[in-house]
Amino acid sequence: MLQLKHISKSYTVGDTVTKAQNDVSVAFRQKEFVAILGPSGSGKTTMLNIIGGLDRYDSGDLLIKGKSTKNFKDSDWDAYRNNSVGFIFQSYNLITHLSILENVEMGMTLSGVSTSVKRQKATDALIRVGLKDQIHKQPNQLSGGQMQRVAIARAIANDPEILLADEPTGALDSETSLEIMDLIRDLSHDRLVIMVTHNPDLAKQYADRIIRFADGQIQADSAPYEEQQTDADFSLTKTKMSYWTALKLSFTNIKTKKGRTFLTIFASSIGIIGVAVVLALSNGFQKQVNQTQSETLSTMPVTVAPVNTDTNAIRSNENASSDAKGHQVRAEKSNLERAQHTNKLNQNYLNYLKKMPKKDASNIAISYGTGMNLIRKVNGKYQQVTFSNADPNNAASSAGLMFSGGSSSNTASGVYPVNRDGKQSFLRTYYRLLDGKYPTKATDIVLVADKHNAININGLRNLGVNVKDGQTLKYQDLVGMKIKMVANDDYYRKLPTGSFLPARDYSAMANKSATRTLTVSGIIRVKSNNSDGILPSGVAYSANLTQTALSMNRNSKIAKAQKGQRRNVTTGQSMNGATRSAMLTSLGASTTPTNIQIYPTSFKKKDQVLAYLKAYNKGKPKSDQVRYTDLASTISAMTGGVMDAITDVLVALAGISLITSMIMIAIITYTSVLERTKEIGVLKALGARKKDITRVFDAETFILGFGAGIFGILIAYLLTFPINSLLLNITGLSGVAVLNPIQAVVLIIISTILTLMGGHIPARMAAKKDAAIALRAE
Ligand code: ADP
């Protein structure tokens, strides 16, 4: 069955070499009860460990069923211990955090026996050793004799051919010793039992064969045996601990030290809590900063107008004027005029704007001052209407209406930008819908209510809505309102005198093919309570509508006629340059935009936008330069940058505590390794591979790291509530600290990975521990 051929093994400690096995040769029968007697330190345990594959011999050979073990790999030894050998130790070596049943099952767990078979075999073994009634107890609820019975059940559960016992009764009283010896003798009827003892009486009473040991050598053998079998008939099933088993094993171990585990998790979660809170805060602040920025920018776009007035220049000119001397006066432009610059908003410039990076400015509104000839059916009859908030009865404000036709300008109405990707995201971002739909087409117009749900009364009256001041209107009476936009050629008729007059037959105009139908698609209201929004209360329409009006009218007869003469084609009056150019614009004869509004996406991006606009002027003569007005020039991009810097510093600080907690986990794992040395030995004796041991400890750090991550995130989440109410009190900002779920998950993963890394080295150290040494540890 087993044969030792010239086995030698020595231990070197410092300068002293101990020959624990000195050329030992002996063979064992398939079934016998061998007692090994000898003084302490004579090498008995060493031989047992070599036979059991827990320790390696230096020279010689160990033959198992005739098969040499000289070329055995680690995995072969692991499988051999698991399949063929059962160990019984003096100090029982039960794994205290596992139940009795789980202890007995462990060997089979390692070799992957199915749960039901495993349970059956373990129960049978426990019945066999006389523990039928104790099956559901924990190891620490048993007497010494009972614990040794459990250890025996564990050793025989997998029905090994070899049972090795190292002083199995050494820790028991004499009465219990005899019971255990009876049990072992019983077991020796179906297998080879080799028992180390220093009690000659027990040996004589129970063993079939006694081998005496001294100084690493066999002194006497009561029943020597020559191994006959030469043909190796021996195969091994390899062992493998599943990750699940490793997790379960670690979990039950962790459960036995709840207090310490909690403290560990708590301490190592502090880093995670720190990082999570900092991130939550910076998310919130960043969001607030971004929101404030975009809200501010939405009301303060960078504006390019046909005439740019530099307000700073007005002031500086006042100082620059020097006195004219010597009975002279000097002709001088007014300061205002001097500060004005005429911008050439030609196609070249518009094309340049089109190429501005979209990430810097997603919204650009280019509006044209083309007049719109608008009519609406009120009480069954068409009447002329306008998009204007001007009071029609007030001479001053209606002065803007230069002639009786359509509205002349959009000054009092809101023109909103269309996102450069063609979406109306500007309105969706800053305005909420009270009723109807957000506009989707150029011909969709909206009514804008202020933050008190009020709409300018003139805006409504100019649309033909008959209302009194303070009167309320239902949404449904306004949404869906249809307005016809009539082309100049249908709106004006040419008199034989050559001048043009608005026609009066509105219903005929309404049916002309060129006439477009505009619809009030919805009523919107500014979202923010801090800002009034850029659109004044009243009618608002897309910049695209002004382009539609332009393309409708630019080639109209009246436009062409006006281009060809200085006098007003409707009144016949002569006009100065400014009035004439306003007239040309209004009639659609001028294709120059009346206003360009550029909405930067953030303050940082605004700088890019300005740089882009400045770049246009580079190398151009002054007259070709295009100047802009930056209403938000006083607000710098600093705010966002400072936020970023603060966040970086805080994250770095929290990161350091994360590293600290990782080091702590490593130390804790290391202590755990030291603490569980015996368990490592037992697992190895049962056939666990190095990898399996690593796995057990990795599993433990995994649980700790994952637990710390979850716990940290939970605490950080709970902390956001008091933090937010504190911030609300101090700054008036609500809901600043917001834990981003993705960041939370990432942090849990980081915590798990960092602790795994910290614990892996001690885990590897544990795996490398020599099984024989581990078992000798007390
Ligand atoms: P026994 O079981 O007969 O008491 P052992 O086999 O335990 O004897 O020990 C045999 C000799 O080998 C002793 O002198 C012991 O000190 C020595 N020895 C055993 N294990 C080690 C070890 N890991 N390192 C150094 N010396 C050892």
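Remember, it's 1-based here, ligands and their atoms both numbered in the order they're listed.
- S751 places no side-chain N or O within donor-acceptor distance of the main-chain N or O of A708, the cut-off being under 3.5 Å.
- Sorted by chain then number, the residues whose non-hydrogen atoms approach ligand 1 to under 4.0 Å are Y11, V13, T18, A20, P39, S40, G41, S42, G43, K44, T45, T46, I773, R776.
- We find that D770 and K684 are not joined by a salt bridge, their nearest charged nitrogen and carboxylate oxygen being 4.0 Å or further apart.
- Residues passing the side chain to side chain donor-acceptor pair (under 3.5 Å) test with E32 are R29, R209, sequence neighbours excluded.
- Identified under the side chain to side chain donor-acceptor pair (under 3.5 Å) test for residues 756-769, with sequence neighbours left out: D698-H760.
- Sequence neighbours left out, the pairs with a member in residues 48-81 that pass ring pair (Phe, Tyr, Trp, His ring centres under 6.0 Å) are F72-W77, W77-Y80.
- Annotation: cation-pi pair R676/F697 present, NZ/CZ under 6.0 Å from the ring centroid and within 45° of its normal.
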